[in-house]
J.: 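Dumping the structure here so I can ask a few things about it.
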Amino acid sequence: MIKTFSSRAGRLSDTNKKFLQLQSDSILKLGEKPKTTQKIVMDIGFGDAQSFICDVTDNPDYTFIGIEPYKKGFARAVQFYEENLPSNMYLFNGDAREFFQEIEYKTDYVRIHFPDPWPKKRHSKRRLITKNFLKTLHGILQNSGSVEIITDSSIYQKHIEELLAQEINFIQIENFPITHKASTFHKKAIKKDHTIKKYILEKVNQSIDP
Ligand SMILES: C[S@@+](CC[C@H](N)C(=O)[O-])C[C@H]1O[C@@H](n2cnc3c(N)ncnc32)[C@H](O)[C@@H]1O
């Protein structure tokens with residue numbers, strides 16, 4: 001169970017509830033493969049869905065799987081799907097780690113934009129990005145697949161850089177092919193004048209478990 005859920009539950013409007021109850025064609029079961037021949041992008045934690053739906057629209061050559069436990073944001077994404085029927089958008093309402101445990105196919109890209117930083121030391125174990133999680137990502141990515149992580153938390157940046165210093169299953173590269181609009185948390189970070197860092201990690205083919 002992810003700790004953030006309850007704190008972010010927010011009040012669900014009647015419209016949110018309506019779209020949460022809908023059997024939308026966009027919704028994947030745990031680990032289900034989308035019907036696509038396009039490259040797949042897993043978006044972990046798309047939050048309120050505002051930038052996510054723009055990115056889906058702006059990148060029609062990629063199929064997105066948006067994974068988000070936060071119900072209000074998930075409901076908004078379902079609503080966008082039902083009102084626009086994009087052919088490149090799929091959704092899962094839950095924990096990305098559970099979804100990844102069940103998938104029997106590979107993904108081309110993973111995006112993690114502004115993951116919850118859990119800055120307090122006693123909460124650091126709740127951070128999504130860990131050595132083990134990088135290993136999971138390595139397992140679900142195609143050869144030369146890549147991960148884009150963006151964060152404005154200096155504590156999370158330090159944490160990621162420490163992990164990457166020991167990481168041999170990924171190399172850092174410059175380019176990620178999917179464009180993105182500034183998300184809600186990205187805009188907040190700009191307003192606060194935080195230093196925003198982007199890490200793009202490319203899978204090194206052979207999994208090495210030191
Ligand atoms: C700080 S918000 C960022 C939201 C959005 N990406 C943005 O940039 O505005 C982090 C999001 O990650 C989601 N999240 C946390 N743990 C997750 C997990 N294990 N799997 C999927 N999403 C998760 C939270 O529910 C939250 O919506």
Side-chain angles (χ1 to χ4, degrees), residues 1-12 16 20 26-32 40-59 64-80 89-103 107 109-120 123-137 139-141 147-157 159-160 176 178-192 194-200:
M1 177 66 163
I2 305 170
K3 283 281 183 200
T4 51
F5 296 177
S6 48
S7 57
R8 291 256 187 70
R11 252 185 109 77
L12 296 173
N16 294 154
L20 277 177
S26 63
I27 298 177
L28 296 176
K29 296 193 191 78
L30 196 60
E32 187 182 345
I40 297 176
V41 185
M42 303 272 190
D43 191 301
I44 306 179
F46 58 72
D48 64 11
Q50 287 195 29
S51 56
F52 173 63
I53 60 185
C54 294
D55 299 347
V56 167
T57 308
D58 292 346
N59 295 272
F64 287 75
I65 302 180
I67 304 177
E68 175 55 67
Y70 165 50
K71 295 243 178 280
K72 203 171 173 67
F74 184 78
R76 286 197 183 127
V78 175
Q79 180 173 358
F80 174 81
M89 177 178 177
Y90 290 85
L91 299 167
F92 177 72
N93 187 203
D95 186 331
R97 292 167 295 195
E98 285 178 19
F99 192 82
F100 293 161
Q101 262 175 21
E102 299 300 324
I103 66 171
T107 185
Y109 302 104
V110 175
R111 308 196 312 177
I112 311 171
H113 291 178
F114 299 87
D116 292 319
W118 295 112
K120 289 188 182 145
H123 292 150
S124 62
K125 286 210 168 68
R126 295 182 188 171
R127 291 179 194 144
L128 180 65
I129 300 162
T130 60
K131 186 175 186 312
N132 227 0
F133 187 66
L134 288 176
K135 201 170 166 215
T136 301
L137 294 183
I140 64 159
L141 278 167
V147 183
E148 180 183 64
I149 302 167
I150 310 178
T151 179
D152 65 313
S153 158
S154 56
I155 291 173
Y156 217 157
Q157 289 164 4
H159 169 75
I160 291 169
F176 194 73
I178 297 112
T179 62
H180 64 86
K181 291 274 188 296
S183 66
T184 297
F185 277 82
H186 196 151
K187 287 179 190 157
K188 283 186 197 176
I190 293 169
K191 242 189 183 159
K192 289 185 200 155
H194 284 180
T195 300
I196 298 167
K197 287 198 181 175
K198 189 185 276 194
Y199 304 88
I200 303 172

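As the structure lists them, so they are numbered: ligands from 1, and atoms in each ligand from 1. Because the structure is predicted, anything quoted here is derived from the model rather than measured.
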J.: Report, in ascending order of atom number, the atoms of ligand 1 lying under 4.0 Å from any heavy atom of T184.
T.: 9 (O)
J.: Is there a polar contact, in the sense of an N or O pair closer than 3.5 Å, between L128 and ligand 1?
T.: no
J.: Sequence neighbours excluded, which residues qualify as side chain to side chain contact (heavy atoms under 4.5 Å, CB included) partners of K120?
T.: R122, H123
J.: At a 4.0 Å threshold, what atoms of ligand 1 neighbour a non-hydrogen atom of F114?
T.: 1 (C), 2 (S), 3 (C), 8 (O), 10 (C)
J.: Between I44 and ligand 1, is there a nitrogen or oxygen pair with a distance under 3.5 Å?
T.: no
J.: Polar contacts were defined as any N/O atom of the residue lying under 3.5 Å from an N/O atom of the ligand; does this apply to S183 and ligand 1?
T.: yes
J.: State the CD1-CG distance between I178 and D43, to the nearest 0.5 angstrom.
T.: 9.5 Å
J.: Which one of D55, N59, D58 satisfies the side-chain hydrogen bond (donor to acceptor under 3.5 Å, both in side chains) criterion with T179?
T.: N59
J.: I want to know if ligand 1 touches P69 in the polar sense, i.e. an N/O pair below 3.5 angstrom.
T.: no
J.: Using the test side chain to side chain contact (heavy atoms under 4.5 Å, CB included), find all partners of S183 that sit at least two apart in sequence or belong to another chain.
T.: S51, F114, F185, H186
J.: Which atoms from ligand 1 have a heavy atom of R97 less than 4.0 Å away?
T.: 19 (N)
J.: First locate atom CG of L28, then atom CZ of F92, and finally report the distance between them rounded to the nearest 0.5 Å.
T.: 8.5 Å
J.: What pair of heavy atoms forms the shortest contact from H159 to R127, and how long is it?
T.: ND1-NH1, 3.4 Å
